[in-house]
Amino acid sequence: MLPGHPRITVDPKVLVGKPIIQGTRLSVEFVIGLMADEWSKAEILANYPGITHEDITACLAYARDVLSSEKVFPSAA
């Protein structure tokens with residue numbers, strides 16, 4: 001588990017340490033990618049019955065928190 005994200009875990013032995021939904025081999029990146037490809041939560045849940053609505057929400061929250069700590073340095077072009 002990651003602090004503040006009890007449903008998301010990192011294990012170097014699973015998907016080379018990418019953040020995953022705990023108890024699965026589904027990465028946060030994969031779930032966010034499905035949503036970027038316009039899959040609905042209902043479609044994701046129907047195709048991946050091992051996860052829950054709360055797991056999808058946890059992926060979104062994790063992505064939000066990672067992006068909120070990202071620093072961007074604009075170039076002086």
Side-chain angles (χ1 to χ4, degrees):
M1 283 188 285
L2 298 173
H5 299 281
R7 293 178 177 273
I8 306 299
T9 189
V10 173
D11 181 347
K13 297 177 204 158
V14 180
L15 294 180
V16 195
K18 287 184 178 229
I20 60 170
I21 298 171
Q22 188 169 11
T24 74
R25 294 183 61 81
L26 294 175
S27 70
V28 170
E29 175 186 4
F30 178 74
V31 174
I32 298 297
L34 292 176
M35 298 187 86
D37 290 339
E38 299 184 4
W39 283 46
S40 69
K41 285 185 181 181
E43 289 172 314
I44 296 170
L45 295 171
N47 283 278
Y48 299 94
I51 65 172
T52 65
H53 172 79
E54 290 79 11
D55 291 328
I56 296 171
T57 300
C59 288
L60 292 169
Y62 178 81
R64 176 204 58 215
D65 291 349
V66 167
L67 288 172
S68 70
S69 65
E70 184 176 86
K71 295 184 179 19
V72 177
F73 299 98
S75 66

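L15 and V66 fall into different hydrophobic clusters, where Ile, Leu, Val, Met, Phe, Trp and Tyr residues are linked whenever their side-chain heavy atoms come under 4.5 Å apart, directly or through other members.
Of all non-hydrogen atoms in M35 and I44, the two that sit nearest each other are CG-CD1, 3.7 Å. Across every non-hydrogen atom of V14 and R25, the tightest pair is CG1-NH1, 3.7 Å. Between T24 and I21 the shortest heavy-atom distance is OG1-O, 2.7 Å. Of all the heavy atoms in I32 and C59, the pair that sits closest is CD1-O, 3.9 Å.
The backbone N or O of L34 sits nowhere less than 3.5 Å from a side-chain atom of D37 that would complete a donor-acceptor pair.
Side-chain contact between Y48 and V31 is absent, with no heavy atoms from C-beta onward closer than 4.5 Å. Counting heavy atoms from C-beta outward, K41 and T57 have side chains that approach closer than 4.5 Å.
Chaining together hydrophobic side chains whose heavy atoms lie under 4.5 Å apart leaves V16 on its own.
In this structure, E29 places its CD atom where only 12 or fewer heavy-atom neighbours from other residues, nucleotides or ligands lie under 6.0 Å away.
Once rounded to the nearest 0.5 Å, the distance linking CD1 of I20 with OH of Y62 reads 11.5 Å. Distance check, rounded to the nearest 0.5 Å: CD of E43 to CD of E38 gives 10.0 Å.
Inspection of the T52 and D55 side chains reveals an N or O donor paired with an N or O acceptor under 3.5 Å.
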